[in-house]
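One structure below.
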Amino acid sequence: MKLLHHIGAYLLMLRLVFIKPTKAKVMRKLIFKDIQDLIVGSLGIVAFLSFFVGGVVAIQTALNIESPLIPKSLVGFATRQSVILEFAPTFMCIILAGKVGSFITSSIGTMRVTEQIDALEVMGINSVNYLVFPKLVAMMLLPLVINISMFLGILGGYTATLYGGFSSSADFIDGIQMDFKPFHVFYAFIKTVVFAIVLATIPAYQGYYMKGGALEVGKAATVAFVWTSIVIIVLNYMITQLLLA
Amino acid sequence: MIELKNIKKSFDGLEVLKGISMTFEPGKTNLIIGQSGSGKTVLLKCMLGLYSVDSGSMLFGNRPLENMDDNQRRILRREIGMVFQGSALFDSMTVLENVMFPMQMLTDQDEKSIRAAAHEVIDRVNLNEATQKLPAELSGGMQKRVAIARAVVMRPKYLFCDEPNSGLDPKTAIVIDNLIREITKEYNITTVINSHDMNSVMEIGDTILFLKDGLKAWEGNKKQIFKTDNEAINNFVYSSRLMKKVKEVYQ
Ligand SMILES: Nc1ncnc2c1ncn2[C@@H]1O[C@H](COP(=O)(O)OP(=O)(O)OP(=O)(O)O)[C@@H](O)[C@H]1O
Ligand SMILES: [Mg+2]
(Lines give C-alpha, C1' and ligand atoms only; values in the text may rest on other atoms or scores of the structure.)
(Ligands and ions follow the chains in the order given, each with its own letter.)
Protein backbone atom coordinates (compact mmCIF):
# COMPACT_ATOMS: atom_id res chain seq x y z
CA MET A 1 0.00 0.00 0.00
CA LYS A 2 2.74 2.36 1.08
CA LEU A 3 4.78 1.39 -1.97
CA LEU A 4 1.84 2.16 -4.26
CA HIS A 5 1.48 5.54 -2.60
CA HIS A 6 5.15 6.31 -3.23
CA ILE A 7 4.95 5.18 -6.85
CA GLY A 8 1.93 7.42 -7.38
CA ALA A 9 3.58 10.41 -5.72
CA TYR A 10 6.75 9.76 -7.70
CA LEU A 11 4.88 9.76 -11.00
CA LEU A 12 3.05 12.95 -10.05
CA MET A 13 6.42 14.54 -9.31
CA LEU A 14 7.72 13.48 -12.73
CA ARG A 15 4.80 15.35 -14.30
CA LEU A 16 5.67 18.45 -12.29
CA VAL A 17 9.23 18.32 -13.63
CA PHE A 18 7.97 19.27 -17.06
CA ILE A 19 5.14 21.74 -16.47
CA LYS A 20 5.39 25.45 -15.61
CA PRO A 21 9.05 25.71 -16.63
CA THR A 22 11.57 28.13 -15.17
CA LYS A 23 12.87 30.98 -17.35
CA ALA A 24 15.33 29.68 -19.93
CA LYS A 25 18.09 32.07 -18.90
CA VAL A 26 17.98 30.90 -15.29
CA MET A 27 17.56 27.26 -16.26
CA ARG A 28 20.67 27.32 -18.45
CA LYS A 29 22.78 28.40 -15.49
CA LEU A 30 21.29 25.69 -13.29
CA ILE A 31 21.98 23.03 -15.90
CA PHE A 32 25.63 24.05 -16.21
CA LYS A 33 26.01 23.98 -12.45
CA ASP A 34 24.53 20.49 -12.25
CA ILE A 35 26.71 19.24 -15.10
CA GLN A 36 29.64 20.48 -13.08
CA ASP A 37 28.46 18.85 -9.84
CA LEU A 38 27.00 15.61 -11.13
CA ILE A 39 28.94 14.75 -14.29
CA VAL A 40 32.33 16.43 -14.13
CA GLY A 41 32.47 15.77 -10.40
CA SER A 42 32.05 12.03 -10.99
CA LEU A 43 34.72 11.62 -13.65
CA GLY A 44 37.57 11.08 -11.19
CA ILE A 45 36.07 8.21 -9.27
CA VAL A 46 34.65 6.63 -12.43
CA ALA A 47 38.05 6.74 -14.14
CA PHE A 48 39.83 5.31 -11.11
CA LEU A 49 37.39 2.46 -10.52
CA SER A 50 37.05 1.57 -14.20
CA PHE A 51 40.77 1.26 -14.77
CA PHE A 52 41.36 -1.01 -11.79
CA VAL A 53 38.25 -3.15 -12.06
CA GLY A 54 39.00 -3.65 -15.76
CA GLY A 55 42.44 -4.85 -14.70
CA VAL A 56 41.02 -7.27 -12.15
CA VAL A 57 38.57 -8.72 -14.69
CA ALA A 58 41.47 -9.42 -17.07
CA ILE A 59 43.60 -11.03 -14.35
CA GLN A 60 40.74 -13.22 -13.12
CA THR A 61 39.97 -14.40 -16.63
CA ALA A 62 43.63 -15.13 -17.38
CA LEU A 63 44.11 -17.06 -14.14
CA ASN A 64 41.10 -19.23 -14.88
CA ILE A 65 42.28 -20.26 -18.32
CA GLU A 66 44.29 -23.43 -17.80
CA SER A 67 43.57 -25.45 -20.88
CA PRO A 68 46.06 -24.81 -23.67
CA LEU A 69 43.18 -25.27 -26.11
CA ILE A 70 41.64 -21.94 -25.14
CA PRO A 71 43.24 -19.11 -27.08
CA LYS A 72 44.99 -16.36 -25.13
CA SER A 73 42.90 -13.78 -26.95
CA LEU A 74 40.00 -14.82 -24.69
CA VAL A 75 41.38 -12.52 -21.98
CA GLY A 76 40.80 -9.47 -24.15
CA PHE A 77 37.45 -10.77 -25.34
CA ALA A 78 36.13 -11.48 -21.85
CA THR A 79 37.34 -8.15 -20.53
CA ARG A 80 35.65 -6.30 -23.37
CA GLN A 81 32.37 -8.14 -22.96
CA SER A 82 32.08 -7.76 -19.21
CA VAL A 83 33.15 -4.12 -19.24
CA ILE A 84 30.83 -3.05 -22.07
CA LEU A 85 27.81 -5.14 -21.12
CA GLU A 86 27.68 -4.91 -17.36
CA PHE A 87 30.57 -3.33 -15.60
CA ALA A 88 30.51 0.14 -17.16
CA PRO A 89 26.75 0.67 -17.51
CA THR A 90 25.34 -1.20 -14.50
CA PHE A 91 28.07 -1.39 -11.90
CA MET A 92 29.14 2.22 -12.45
CA CYS A 93 25.54 3.43 -12.14
CA ILE A 94 25.23 1.65 -8.79
CA ILE A 95 28.41 3.39 -7.65
CA LEU A 96 26.97 6.68 -8.88
CA ALA A 97 23.74 5.95 -6.98
CA GLY A 98 25.93 6.37 -3.94
CA LYS A 99 27.80 9.42 -5.13
CA VAL A 100 25.38 11.37 -7.33
CA GLY A 101 22.26 10.02 -5.62
CA SER A 102 23.22 11.00 -2.10
CA PHE A 103 24.34 14.42 -3.35
CA ILE A 104 20.95 15.00 -4.97
CA THR A 105 18.95 13.76 -1.97
CA SER A 106 20.91 15.73 0.57
CA SER A 107 21.00 18.97 -1.42
CA ILE A 108 17.25 18.90 -2.13
CA GLY A 109 16.46 17.53 1.33
CA THR A 110 18.40 20.33 3.00
CA MET A 111 16.43 22.84 0.97
CA ARG A 112 13.24 21.16 2.17
CA VAL A 113 14.10 21.22 5.88
CA THR A 114 15.40 24.79 5.78
CA GLU A 115 12.18 25.94 4.05
CA GLN A 116 14.03 26.99 0.89
CA ILE A 117 11.55 24.94 -1.15
CA ASP A 118 8.65 26.72 0.57
CA ALA A 119 10.37 30.00 -0.29
CA LEU A 120 10.44 29.02 -3.98
CA GLU A 121 6.79 27.97 -3.89
CA VAL A 122 5.72 31.22 -2.20
CA MET A 123 7.39 33.13 -5.03
CA GLY A 124 5.20 31.15 -7.41
CA ILE A 125 8.09 29.12 -8.80
CA ASN A 126 7.52 25.47 -9.70
CA SER A 127 10.14 24.13 -7.32
CA VAL A 128 10.10 20.63 -8.80
CA ASN A 129 10.94 21.96 -12.24
CA TYR A 130 13.51 24.35 -10.79
CA LEU A 131 15.28 21.64 -8.79
CA VAL A 132 14.83 18.40 -10.71
CA PHE A 133 14.76 19.38 -14.39
CA PRO A 134 18.37 20.65 -14.54
CA LYS A 135 19.58 17.49 -12.79
CA LEU A 136 17.69 15.33 -15.26
CA VAL A 137 19.18 17.21 -18.21
CA ALA A 138 22.68 17.06 -16.73
CA MET A 139 22.37 13.32 -16.20
CA MET A 140 21.64 12.87 -19.90
CA LEU A 141 25.40 13.28 -20.29
CA LEU A 142 25.89 10.07 -18.33
CA PRO A 143 26.44 7.92 -21.48
CA LEU A 144 29.56 10.01 -22.05
CA VAL A 145 30.85 9.12 -18.62
CA ILE A 146 30.03 5.47 -19.21
CA ASN A 147 31.90 5.60 -22.53
CA ILE A 148 34.95 6.83 -20.70
CA SER A 149 34.44 4.05 -18.18
CA MET A 150 34.33 1.45 -20.99
CA PHE A 151 37.49 2.77 -22.55
CA LEU A 152 39.40 2.94 -19.27
CA GLY A 153 38.11 -0.45 -18.14
CA ILE A 154 39.46 -2.11 -21.27
CA LEU A 155 42.65 -0.08 -21.01
CA GLY A 156 43.01 -1.27 -17.43
CA GLY A 157 42.55 -4.87 -18.58
CA TYR A 158 45.14 -4.39 -21.29
CA THR A 159 47.64 -2.86 -18.88
CA ALA A 160 47.15 -5.61 -16.30
CA THR A 161 47.51 -8.31 -18.94
CA LEU A 162 50.80 -6.96 -20.26
CA TYR A 163 52.10 -6.11 -16.82
CA GLY A 164 51.28 -9.56 -15.44
CA GLY A 165 52.47 -11.27 -18.61
CA PHE A 166 49.19 -13.17 -19.11
CA SER A 167 49.10 -12.74 -22.86
CA SER A 168 50.76 -10.71 -25.56
CA SER A 169 49.57 -7.30 -26.65
CA ALA A 170 48.59 -8.68 -30.05
CA ASP A 171 46.52 -11.49 -28.48
CA PHE A 172 44.69 -9.05 -26.24
CA ILE A 173 43.90 -6.68 -29.08
CA ASP A 174 42.80 -9.63 -31.16
CA GLY A 175 40.43 -10.50 -28.34
CA ILE A 176 39.04 -7.01 -28.12
CA GLN A 177 38.21 -7.04 -31.82
CA MET A 178 36.91 -10.58 -31.90
CA ASP A 179 33.23 -10.95 -32.81
CA PHE A 180 32.46 -7.33 -31.92
CA LYS A 181 28.75 -6.45 -32.02
CA PRO A 182 27.99 -2.70 -32.15
CA PHE A 183 24.53 -3.61 -30.85
CA HIS A 184 26.10 -4.36 -27.47
CA VAL A 185 27.28 -0.79 -27.19
CA PHE A 186 23.82 0.40 -28.18
CA TYR A 187 22.32 -1.87 -25.51
CA ALA A 188 24.69 -0.38 -22.92
CA PHE A 189 23.77 3.11 -24.10
CA ILE A 190 20.02 2.44 -23.70
CA LYS A 191 20.61 1.06 -20.24
CA THR A 192 22.65 4.06 -19.24
CA VAL A 193 19.99 6.53 -20.36
CA VAL A 194 17.32 4.66 -18.38
CA PHE A 195 19.57 4.45 -15.33
CA ALA A 196 20.40 8.16 -15.63
CA ILE A 197 16.70 8.98 -15.35
CA VAL A 198 16.44 6.76 -12.28
CA LEU A 199 19.61 8.27 -10.78
CA ALA A 200 18.28 11.80 -11.14
CA THR A 201 14.67 11.29 -10.11
CA ILE A 202 14.50 8.72 -7.29
CA PRO A 203 17.00 10.57 -5.06
CA ALA A 204 15.26 13.82 -5.97
CA TYR A 205 11.93 12.34 -4.89
CA GLN A 206 13.40 11.18 -1.58
CA GLY A 207 14.84 14.62 -0.90
CA TYR A 208 11.86 16.62 -2.09
CA TYR A 209 9.23 14.84 0.00
CA MET A 210 11.27 14.31 3.13
CA LYS A 211 10.14 15.55 6.53
CA GLY A 212 12.12 16.37 9.62
CA GLY A 213 15.57 17.83 10.20
CA ALA A 214 19.25 17.33 9.44
CA LEU A 215 19.27 13.78 10.79
CA GLU A 216 16.46 12.78 8.46
CA VAL A 217 18.38 14.19 5.49
CA GLY A 218 21.04 11.54 6.13
CA LYS A 219 18.41 8.82 6.46
CA ALA A 220 16.71 9.95 3.27
CA ALA A 221 20.03 9.71 1.41
CA THR A 222 20.43 6.12 2.58
CA VAL A 223 16.88 5.20 1.59
CA ALA A 224 17.45 6.85 -1.78
CA PHE A 225 20.60 4.78 -2.35
CA VAL A 226 18.82 1.53 -1.50
CA TRP A 227 15.86 2.25 -3.77
CA THR A 228 17.95 3.56 -6.64
CA SER A 229 20.11 0.42 -6.58
CA ILE A 230 17.12 -1.89 -6.40
CA VAL A 231 15.36 -0.17 -9.28
CA ILE A 232 18.55 -0.17 -11.39
CA ILE A 233 19.10 -3.90 -10.80
CA VAL A 234 15.49 -4.77 -11.64
CA LEU A 235 15.46 -2.56 -14.75
CA ASN A 236 18.79 -4.05 -15.79
CA TYR A 237 17.22 -7.49 -15.70
CA MET A 238 14.21 -6.35 -17.71
CA ILE A 239 16.18 -4.45 -20.35
CA THR A 240 18.62 -7.33 -20.78
CA GLN A 241 15.74 -9.77 -21.20
CA LEU A 242 14.12 -7.47 -23.75
CA LEU A 243 17.16 -6.51 -25.83
CA LEU A 244 19.55 -9.45 -25.64
CA ALA A 245 17.53 -12.59 -24.95
CA MET B 1 -6.13 44.54 3.50
CA ILE B 2 -6.65 40.86 4.24
CA GLU B 3 -9.95 39.57 5.54
CA LEU B 4 -10.36 36.09 6.99
CA LYS B 5 -13.87 34.72 7.30
CA ASN B 6 -14.45 31.59 9.34
CA ILE B 7 -11.29 29.77 8.24
CA LYS B 8 -11.21 26.06 9.06
CA LYS B 9 -8.39 23.62 8.48
CA SER B 10 -7.71 20.11 9.73
CA PHE B 11 -5.02 17.48 9.14
CA ASP B 12 -6.12 13.82 9.10
CA GLY B 13 -9.03 14.49 11.45
CA LEU B 14 -7.03 16.82 13.72
CA GLU B 15 -8.82 20.17 13.67
CA VAL B 16 -6.12 22.84 13.83
CA LEU B 17 -8.12 25.93 12.86
CA LYS B 18 -11.73 25.87 13.98
CA GLY B 19 -13.16 28.98 12.36
CA ILE B 20 -10.98 32.11 12.42
CA SER B 21 -12.28 35.52 11.35
CA MET B 22 -10.01 38.55 11.34
CA THR B 23 -9.09 41.69 9.42
CA PHE B 24 -5.47 42.71 8.81
CA GLU B 25 -4.96 46.30 7.75
CA PRO B 26 -2.37 47.91 5.45
CA GLY B 27 0.45 50.00 6.89
CA LYS B 28 0.14 48.10 10.14
CA THR B 29 2.05 45.27 11.74
CA ASN B 30 -0.61 42.68 12.49
CA LEU B 31 0.48 40.07 15.01
CA ILE B 32 -0.75 36.52 15.43
CA ILE B 33 0.20 35.30 18.87
CA GLY B 34 -0.42 32.11 20.77
CA GLN B 35 1.20 29.14 22.39
CA SER B 36 3.36 26.72 20.46
CA GLY B 37 1.06 24.39 18.52
CA SER B 38 -1.86 26.82 18.52
CA GLY B 39 -1.90 26.92 14.72
CA LYS B 40 -0.08 30.19 13.92
CA THR B 41 2.11 28.69 11.23
CA VAL B 42 -0.78 26.75 9.74
CA LEU B 43 -2.86 29.93 9.49
CA LEU B 44 0.02 31.77 7.84
CA LYS B 45 0.60 28.96 5.35
CA CYS B 46 -3.11 28.97 4.50
CA MET B 47 -2.88 32.67 3.69
CA LEU B 48 0.20 31.98 1.58
CA GLY B 49 -1.69 29.34 -0.35
CA LEU B 50 0.80 26.64 0.71
CA TYR B 51 -2.12 24.85 2.41
CA SER B 52 -5.66 24.89 1.07
CA VAL B 53 -8.35 25.66 3.64
CA ASP B 54 -11.23 23.28 4.31
CA SER B 55 -13.82 26.04 4.48
CA GLY B 56 -14.11 29.79 4.94
CA SER B 57 -13.08 32.69 2.80
CA MET B 58 -9.90 34.76 2.47
CA LEU B 59 -10.03 38.16 0.82
CA PHE B 60 -6.94 39.95 -0.40
CA GLY B 61 -8.21 43.50 -0.92
CA ASN B 62 -11.71 42.34 -1.95
CA ARG B 63 -10.38 39.47 -4.07
CA PRO B 64 -11.42 36.10 -2.59
CA LEU B 65 -8.55 33.64 -2.83
CA GLU B 66 -10.80 30.63 -3.28
CA ASN B 67 -12.37 32.00 -6.49
CA MET B 68 -9.08 32.86 -8.17
CA ASP B 69 -7.93 31.02 -11.28
CA ASP B 70 -4.27 30.14 -11.81
CA ASN B 71 -3.47 33.41 -13.48
CA GLN B 72 -5.01 35.51 -10.73
CA ARG B 73 -3.17 33.46 -8.15
CA ARG B 74 0.08 34.09 -9.99
CA ILE B 75 -0.59 37.82 -9.87
CA LEU B 76 -1.39 37.60 -6.16
CA ARG B 77 1.83 35.66 -5.47
CA ARG B 78 3.83 38.55 -6.86
CA GLU B 79 2.16 40.84 -4.33
CA ILE B 80 3.25 38.61 -1.44
CA GLY B 81 6.57 38.58 0.41
CA MET B 82 7.50 36.08 3.07
CA VAL B 83 10.12 35.98 5.82
CA PHE B 84 10.55 32.39 7.00
CA GLN B 85 11.28 31.30 10.55
CA GLY B 86 14.78 30.08 9.62
CA SER B 87 15.28 32.82 6.98
CA ALA B 88 15.28 30.18 4.19
CA LEU B 89 18.02 31.94 2.23
CA PHE B 90 19.36 30.04 -0.77
CA ASP B 91 22.67 28.88 0.62
CA SER B 92 24.48 28.60 -2.69
CA MET B 93 23.83 32.27 -3.51
CA THR B 94 25.38 35.45 -2.17
CA VAL B 95 23.33 38.05 -0.32
CA LEU B 96 22.97 40.11 -3.49
CA GLU B 97 21.98 37.09 -5.57
CA ASN B 98 19.41 36.08 -2.95
CA VAL B 99 17.79 39.50 -3.04
CA MET B 100 17.90 39.71 -6.85
CA PHE B 101 16.45 36.21 -7.23
CA PRO B 102 12.69 36.95 -7.04
CA MET B 103 12.99 39.73 -9.61
CA GLN B 104 15.12 37.60 -11.94
CA MET B 105 12.60 34.81 -11.77
CA LEU B 106 9.38 36.78 -11.92
CA THR B 107 10.00 39.97 -13.88
CA ASP B 108 11.36 40.79 -17.31
CA GLN B 109 13.44 43.72 -16.13
CA ASP B 110 17.04 43.91 -17.26
CA GLU B 111 19.93 42.90 -15.03
CA LYS B 112 20.92 46.49 -14.33
CA SER B 113 17.59 47.65 -12.93
CA ILE B 114 17.20 44.44 -10.92
CA ARG B 115 20.63 45.05 -9.42
CA ALA B 116 19.67 48.62 -8.58
CA ALA B 117 16.42 47.54 -6.92
CA ALA B 118 18.28 44.90 -4.91
CA HIS B 119 20.92 47.37 -3.76
CA GLU B 120 18.22 49.77 -2.68
CA VAL B 121 16.55 47.29 -0.30
CA ILE B 122 19.90 45.92 0.88
CA ASP B 123 20.79 49.49 1.79
CA ARG B 124 17.43 49.80 3.56
CA VAL B 125 18.29 46.87 5.84
CA ASN B 126 21.87 48.15 6.36
CA LEU B 127 23.75 45.30 4.76
CA ASN B 128 25.83 47.17 2.22
CA GLU B 129 29.08 45.61 3.42
CA ALA B 130 27.73 42.07 3.12
CA THR B 131 26.41 41.95 -0.46
CA GLN B 132 29.03 39.44 -1.66
CA LYS B 133 28.87 37.16 1.38
CA LEU B 134 27.19 33.76 1.50
CA PRO B 135 24.38 33.17 4.03
CA ALA B 136 26.59 30.78 6.03
CA GLU B 137 29.00 33.67 6.67
CA LEU B 138 26.32 35.86 8.28
CA SER B 139 24.99 36.07 11.83
CA GLY B 140 21.38 35.09 12.50
CA GLY B 141 20.32 38.73 12.70
CA MET B 142 21.99 39.55 9.39
CA GLN B 143 20.34 36.53 7.76
CA LYS B 144 16.97 37.81 8.94
CA ARG B 145 17.71 41.18 7.40
CA VAL B 146 18.60 39.55 4.08
CA ALA B 147 15.35 37.58 4.29
CA ILE B 148 13.46 40.84 4.83
CA ALA B 149 15.23 42.49 1.92
CA ARG B 150 14.43 39.53 -0.34
CA ALA B 151 10.79 39.58 0.80
CA VAL B 152 10.28 43.27 0.01
CA VAL B 153 12.42 43.67 -3.13
CA MET B 154 9.34 43.20 -5.33
CA ARG B 155 7.51 45.85 -3.23
CA PRO B 156 4.80 43.47 -2.05
CA LYS B 157 1.35 44.54 -0.88
CA TYR B 158 1.38 41.75 1.68
CA LEU B 159 4.24 40.66 3.90
CA PHE B 160 4.18 37.53 6.06
CA CYS B 161 6.74 36.80 8.75
CA ASP B 162 6.90 33.56 10.70
CA GLU B 163 8.54 34.33 14.05
CA PRO B 164 10.98 36.79 12.51
CA ASN B 165 12.96 37.23 15.71
CA SER B 166 13.10 33.71 17.10
CA GLY B 167 16.65 32.70 17.95
CA LEU B 168 17.88 36.28 18.20
CA ASP B 169 19.07 38.13 21.29
CA PRO B 170 16.55 40.63 22.72
CA LYS B 171 18.31 43.68 21.31
CA THR B 172 18.68 42.31 17.78
CA ALA B 173 15.11 41.03 17.99
CA ILE B 174 13.84 44.56 18.60
CA VAL B 175 15.96 45.91 15.75
CA ILE B 176 14.39 43.35 13.40
CA ASP B 177 10.88 44.05 14.72
CA ASN B 178 11.28 47.76 14.22
CA LEU B 179 12.80 47.31 10.79
CA ILE B 180 9.74 45.33 9.71
CA ARG B 181 7.45 47.96 11.20
CA GLU B 182 9.24 50.86 9.48
CA ILE B 183 9.21 49.13 6.11
CA THR B 184 5.53 48.27 6.61
CA LYS B 185 4.72 51.95 7.11
CA GLU B 186 7.03 53.25 4.38
CA TYR B 187 5.73 50.91 1.69
CA ASN B 188 2.19 50.71 3.14
CA ILE B 189 2.27 46.92 3.33
CA THR B 190 -0.28 44.69 5.04
CA THR B 191 2.10 42.83 7.30
CA VAL B 192 1.16 39.71 9.27
CA ILE B 193 3.64 38.45 11.84
CA ASN B 194 3.59 35.21 13.85
CA SER B 195 5.10 35.62 17.26
CA HIS B 196 5.11 34.29 20.77
CA ASP B 197 7.46 36.96 22.01
CA MET B 198 5.92 39.48 24.43
CA ASN B 199 8.63 42.01 23.57
CA SER B 200 7.41 42.07 19.97
CA VAL B 201 3.84 42.42 21.13
CA MET B 202 4.71 45.51 23.15
CA GLU B 203 6.91 47.02 20.43
CA ILE B 204 4.97 46.49 17.24
CA GLY B 205 1.52 45.09 18.10
CA ASP B 206 -0.65 47.43 16.01
CA THR B 207 -3.24 44.67 15.76
CA ILE B 208 -3.09 41.46 17.73
CA LEU B 209 -4.90 38.18 17.08
CA PHE B 210 -4.58 35.72 19.94
CA LEU B 211 -5.08 32.09 18.93
CA LYS B 212 -5.95 29.40 21.42
CA ASP B 213 -7.01 25.85 20.61
CA GLY B 214 -7.70 26.78 17.00
CA LEU B 215 -10.00 29.67 17.86
CA LYS B 216 -9.65 33.43 18.12
CA ALA B 217 -9.54 33.90 21.89
CA TRP B 218 -8.91 37.64 21.83
CA GLU B 219 -8.24 40.53 19.45
CA GLY B 220 -6.95 44.04 20.16
CA ASN B 221 -3.76 46.10 20.12
CA LYS B 222 -0.67 46.59 22.28
CA LYS B 223 -2.37 49.13 24.54
CA GLN B 224 -5.50 47.11 25.08
CA ILE B 225 -3.62 43.94 25.88
CA PHE B 226 -2.60 45.33 29.29
CA LYS B 227 -6.08 46.44 30.22
CA THR B 228 -8.18 43.50 29.17
CA ASP B 229 -9.67 41.15 31.71
CA ASN B 230 -9.86 38.30 29.19
CA GLU B 231 -8.58 35.34 31.17
CA ALA B 232 -7.03 33.37 28.30
CA ILE B 233 -4.88 36.27 27.07
CA ASN B 234 -3.88 37.24 30.59
CA ASN B 235 -2.72 33.70 31.26
CA PHE B 236 -0.61 33.85 28.12
CA VAL B 237 0.80 37.34 28.65
CA TYR B 238 1.56 36.99 32.34
CA SER B 239 3.02 33.53 32.24
CA SER B 240 6.57 34.74 32.95
CA ARG B 241 7.84 36.19 36.20
CA LEU B 242 9.07 39.28 34.36
CA MET B 243 5.65 40.02 32.94
CA LYS B 244 4.01 39.49 36.35
CA LYS B 245 6.40 42.08 37.73
CA VAL B 246 5.54 44.45 34.89
CA LYS B 247 1.88 44.07 35.76
CA GLU B 248 2.47 44.85 39.43
CA VAL B 249 4.39 47.99 38.61
CA TYR B 250 1.85 48.99 35.98
CA GLN B 251 -0.97 48.75 38.48
N1 LIG C 1 1.53 19.48 7.68
C2 LIG C 1 0.93 19.12 8.82
N3 LIG C 1 0.37 17.89 8.93
C4 LIG C 1 -0.24 17.52 10.07
N5 LIG C 1 -0.36 18.28 11.17
C6 LIG C 1 0.17 19.51 11.13
C7 LIG C 1 0.85 20.00 9.96
N8 LIG C 1 1.29 21.25 10.20
C9 LIG C 1 0.90 21.51 11.46
N10 LIG C 1 0.23 20.50 12.02
C11 LIG C 1 -0.34 20.47 13.39
O12 LIG C 1 -1.05 21.65 13.60
C13 LIG C 1 -0.89 22.14 14.92
C14 LIG C 1 -0.48 23.60 14.88
O15 LIG C 1 0.85 23.69 14.35
P16 LIG C 1 1.56 25.07 14.02
O17 LIG C 1 2.85 24.73 13.38
O18 LIG C 1 0.63 25.95 13.29
O19 LIG C 1 1.82 25.66 15.47
P20 LIG C 1 2.46 27.07 15.83
O21 LIG C 1 1.42 27.84 16.53
O22 LIG C 1 3.07 27.68 14.63
O23 LIG C 1 3.58 26.63 16.86
P24 LIG C 1 5.07 27.23 17.05
O25 LIG C 1 4.92 28.44 17.88
O26 LIG C 1 5.76 26.13 17.80
O27 LIG C 1 5.65 27.46 15.72
C28 LIG C 1 0.12 21.22 15.58
O29 LIG C 1 -0.59 20.34 16.42
C30 LIG C 1 0.75 20.48 14.44
O31 LIG C 1 1.10 19.18 14.84
MG1 LIG D 1 5.12 28.06 13.98
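Below, read A as the first sequence line, B as the second, and so on, with proteins coming before strands; counting in each chain starts at 1.
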Return yes when atom OH of A:Tyr10 has more than 12 non-hydrogen atoms of other residues, nucleotides or ligands closer than 6.0 Å, and no otherwise. yes
I'd like to know which of B:Gly86, B:Gly81, B:Ala88 tops the heavy-atom pair count under 4.5 Å against chain A. B:Ala88
Among B:Met82, B:Met105, B:Met154, which residue has the highest count of heavy-atom pairs closer than 4.5 Å to chain A? B:Met105
Sorted by chain and number, sequence neighbours left out, ring-ring contact (aromatic ring centres under 6.0 Å, His included) with A:Phe91 holds for A:Phe87
Who are the ring-ring contact (aromatic ring centres under 6.0 Å, His included) partners of A:Phe186, not counting sequence neighbours? A:Phe183
For A:Val26, is it the side chain, the backbone, both or neither that has a heavy atom under 4.5 Å from a heavy atom of chain B? side chain
Using non-hydrogen atoms only, which part of B:Leu89 is less than 4.5 Å away from chain A: side chain, backbone, both, or neither? backbone
Does anything in residues 74-95 of chain B pair up under ring pair (Phe, Tyr, Trp, His ring centres under 6.0 Å), and if so which pairs, sequence neighbours excluded? B:Phe90-B:Phe101
Chain A to chain B donor-acceptor contacts, backbone plus side chain, under 3.5 Å:
residue: A:Lys23; atom: NZ; partner: B:Gln104; partner atom: O; Å: 2.5
residue: A:Lys23; atom: NZ; partner: B:Thr107; partner atom: O; Å: 2.7
residue: A:Gln116; atom: NE2; partner: B:Leu89; partner atom: O; Å: 3.4
residue: A:Gln116; atom: NE2; partner: B:Asp91; partner atom: OD2; Å: 3.0
residue: A:Glu121; atom: O; partner: B:Arg77; partner atom: NH1; Å: 2.3

